[in-house]
Peer 1: 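Provided herewith is a single structure, encoded as structure tokens, for subsequent inquiry.
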Amino acid sequence: MKIVVKKTLIALVLSCSMTNFGHAFDIDETVDDEIRKNYNSTQLIDDVGLQDNALEKKIESTATNINVDPNLPSLPTVTNKNTSSTKVSTTAQQYQPYKGGNIRIKSGTTFDVISSGTISDWQVKGNKVTFSLPKAKHGRGYSIPAGTTFQGEIVESHQPQISCNGGLVAIKVYSMVYKSQRVPINAFVIRANDKKVFLNNIKGQRTYLKTLWQKGNWGRTLFNKMLTMTINLGAEGSTFILSPFPLAYGTICLGANTIFSPISAFFSKGGHVSIPAGSNFKIKLNEDVMVN
């Protein structure tokens with residue numbers, strides 16, 4: 001009897017659970033049917049995008065309608081970092097080609113000019129130099145205006161050498177800018193920084209005699225000290241016998257210094273060539289120049 005009752009209860013429980021399970025399936029299918037009727041899954045992504053765009057536009061319109069206090073400073077503008085900067089093109093000054101002329105500037109004509117940069121024996125062969133004409137140069141049939149520039153280059157250069165030989169700079173002037181034309185010329189320097197220049201060689205100071213005198217200072221100074229000591233010793237009776245020795249020593253040192261000072265001075269170097277910008281120069285034409 002108990003076994004029959006237990007089986008009956010189990011059967012009732014299983015039947016109830018199966019009924020509820022079936023109802024659950026029915027409810028899920030009903031919800032799915034409603035979703036399919038009201039929504040199109042293929043347009044879901046586009047609808048989301050449209051909603052986002054609408055939201056952004058709404059935010060922008062709201063921001064523009066806000067009343068801004070005129071006393072507040074304006075907001076900084078943000079520029080694109082990838083924007084390329086504007087390039088400023090610089091073109092070198094162009095000169096018209098030289099076409100010759102019928103007005104002659106004779107060979108030997110000189111121009112008083114001013115150097116545009118420092119000229120020194122530290123510069124090497126080929127370095128460019130520039131001069132400018134501070135005052136107009138007038139001649140027969142021509143007038144070279146103030147501000148005219150002359151171009152040249154260093155054709156030889158060396159620093160001070162032994163035997164007290166100074167540095168050297170030689171300059172050749174090869175062109176003149178005249179009426180927007182680069183006129184070829186052949187000129188050289190005859191005066192530099194108010195000093196005469198021979199054979200176009202700007203020389204540094206030759207210091208042999210000055211160095212020779214300086215090298216002999218030691219012997220002369222020692223001789224004078226020994227002579228003073230000799231005189232002082234001779235004034236005292238007890239040291240009269242020793243008085244000749246300092247004088248002899250000073251004389252020997254002076255003689256040796258006099259003999260060797262020319263040799264030591266020979267191995268010394270002279271002065272540098274160093275002419276600052278704005279110095280006065282005089283250049284001279286070596287050939288005739290034709291201008292118009």
Side-chain angles (χ1 to χ4, degrees), residues 88-101 104-137 142 144-208 267-292:
V88 180
S89 60
T90 56
T91 57
Q93 184 177 3
Q94 300 294 328
Y95 299 103
Q96 298 178 3
Y98 174 63
K99 300 178 180 178
R104 183 188 305 273
I105 303 178
K106 292 183 178 181
S107 172
T109 302
T110 60
F111 298 91
D112 294 319
V113 295
I114 295 176
S115 60
S116 300
T118 302
I119 297 174
S120 71
D121 52 27
W122 292 96
Q123 295 171 307
V124 298
K125 181 179 178 180
N127 279 23
K128 305 300 181 182
V129 294
T130 306
F131 304 96
S132 61
L133 190 68
K135 296 181 180 179
K137 174 75 175 181
Y142 67 88
I144 309 299
T148 299
T149 58
F150 296 81
Q151 288 83 29
E153 67 177 8
I154 296 176
V155 294
E156 187 178 354
S157 174
H158 69 69
Q159 294 185 15
Q161 300 173 338
I162 61 172
S163 73
C164 298
N165 188 20
L168 179 141
V169 176
I171 299 173
K172 178 183 178 181
V173 182
Y174 56 78
S175 70
M176 171 183 68
V177 178
Y178 175 73
K179 292 184 178 180
S180 299
Q181 298 182 25
R182 191 183 292 276
V183 180
I185 64 175
N186 182 5
F188 54 90
V189 176
I190 62 172
R191 200 172 188 89
N193 205 15
D194 296 329
K195 293 182 180 180
K196 290 184 178 181
V197 175
F198 299 97
L199 301 176
N200 196 34
N201 293 331
I202 305 173
K203 292 283 294 180
Q205 185 179 7
R206 185 174 178 83
T207 59
Y208 182 77
F267 292 98
S268 300
K269 294 183 178 181
H272 280 279
V273 175
S274 182
I275 305 175
S279 298
N280 296 320
F281 282 77
K282 185 185 287 291
I283 60 177
K284 182 178 180 181
L285 292 179
N286 199 31
E287 296 177 354
D288 294 347
V289 177
M290 303 300 296
V291 297
N292 53 18

Peer 1: Can you name the residues that form a salt bridge (charged side-chain N to carboxylate O under 4.0 Å, His left out) with R104, not counting sequence neighbours?
Peer 2: D288

Peer 1: Quick check: do V169 and V189 have side-chain heavy atoms less than 4.5 Å from each other?
Peer 2: no

Peer 1: Scan residues 167-176 for pairs that pass side chain to side chain donor-acceptor pair (under 3.5 Å), counting only residues two or more places apart or in two chains.
Peer 2: Q151-S175

Peer 1: Working to the nearest 0.5 angstrom, can you tell me the gap between I171 CD1 and F281 CZ?
Peer 2: 5.5 Å

Peer 1: Rounded to the nearest 0.5 Å, what separates atom CD1 in I154 from atom CD in Q123?
Peer 2: 4.0 Å

Peer 1: Taking the side chain as everything from C-beta on, heavy atoms only, tell me whether I119 gets closer than 4.5 Å to F131.
Peer 2: yes

Peer 1: How many angstroms lie between CD in Q181 and CG in N292, if you round to the nearest 0.5 Å?
Peer 2: 5.0 Å

Peer 1: Are more than 12 heavy atoms, taken from residues, nucleotides or ligands other than K269, located less than 6.0 Å from that residue's NZ atom?
Peer 2: no

Peer 1: With the side chain counted from C-beta on, respond yes when K135 and D112 share a heavy-atom pair under 4.5 Å apart, and no when they do not.
Peer 2: no

Peer 1: Taking the side chain as every heavy atom from C-beta outward, state whether Y98 and R182 have any pair of such atoms under 4.5 Å apart.
Peer 2: no

Peer 1: Which atom names give the shortest non-hydrogen contact between I202 and V273, and what distance separates them?
Peer 2: O-CG2, 3.6 Å

Peer 1: Measure the CD1-CZ distance between I283 and F188 for me, rounded to the nearest 0.5 Å.
Peer 2: 10.5 Å

Peer 1: Take atom NZ in K196; do more than 12 heavy atoms of anything else shown fall under 6.0 Å from it?
Peer 2: no

Peer 1: Enter the distance from T109:OG1 to E287:CD here, rounded to the nearest 0.5 Å.
Peer 2: 13.0 Å

Peer 1: Going by the angle between their ring planes, with limits at 30° and 60°, are F150 and F111 parallel, tilted or perpendicular?
Peer 2: tilted

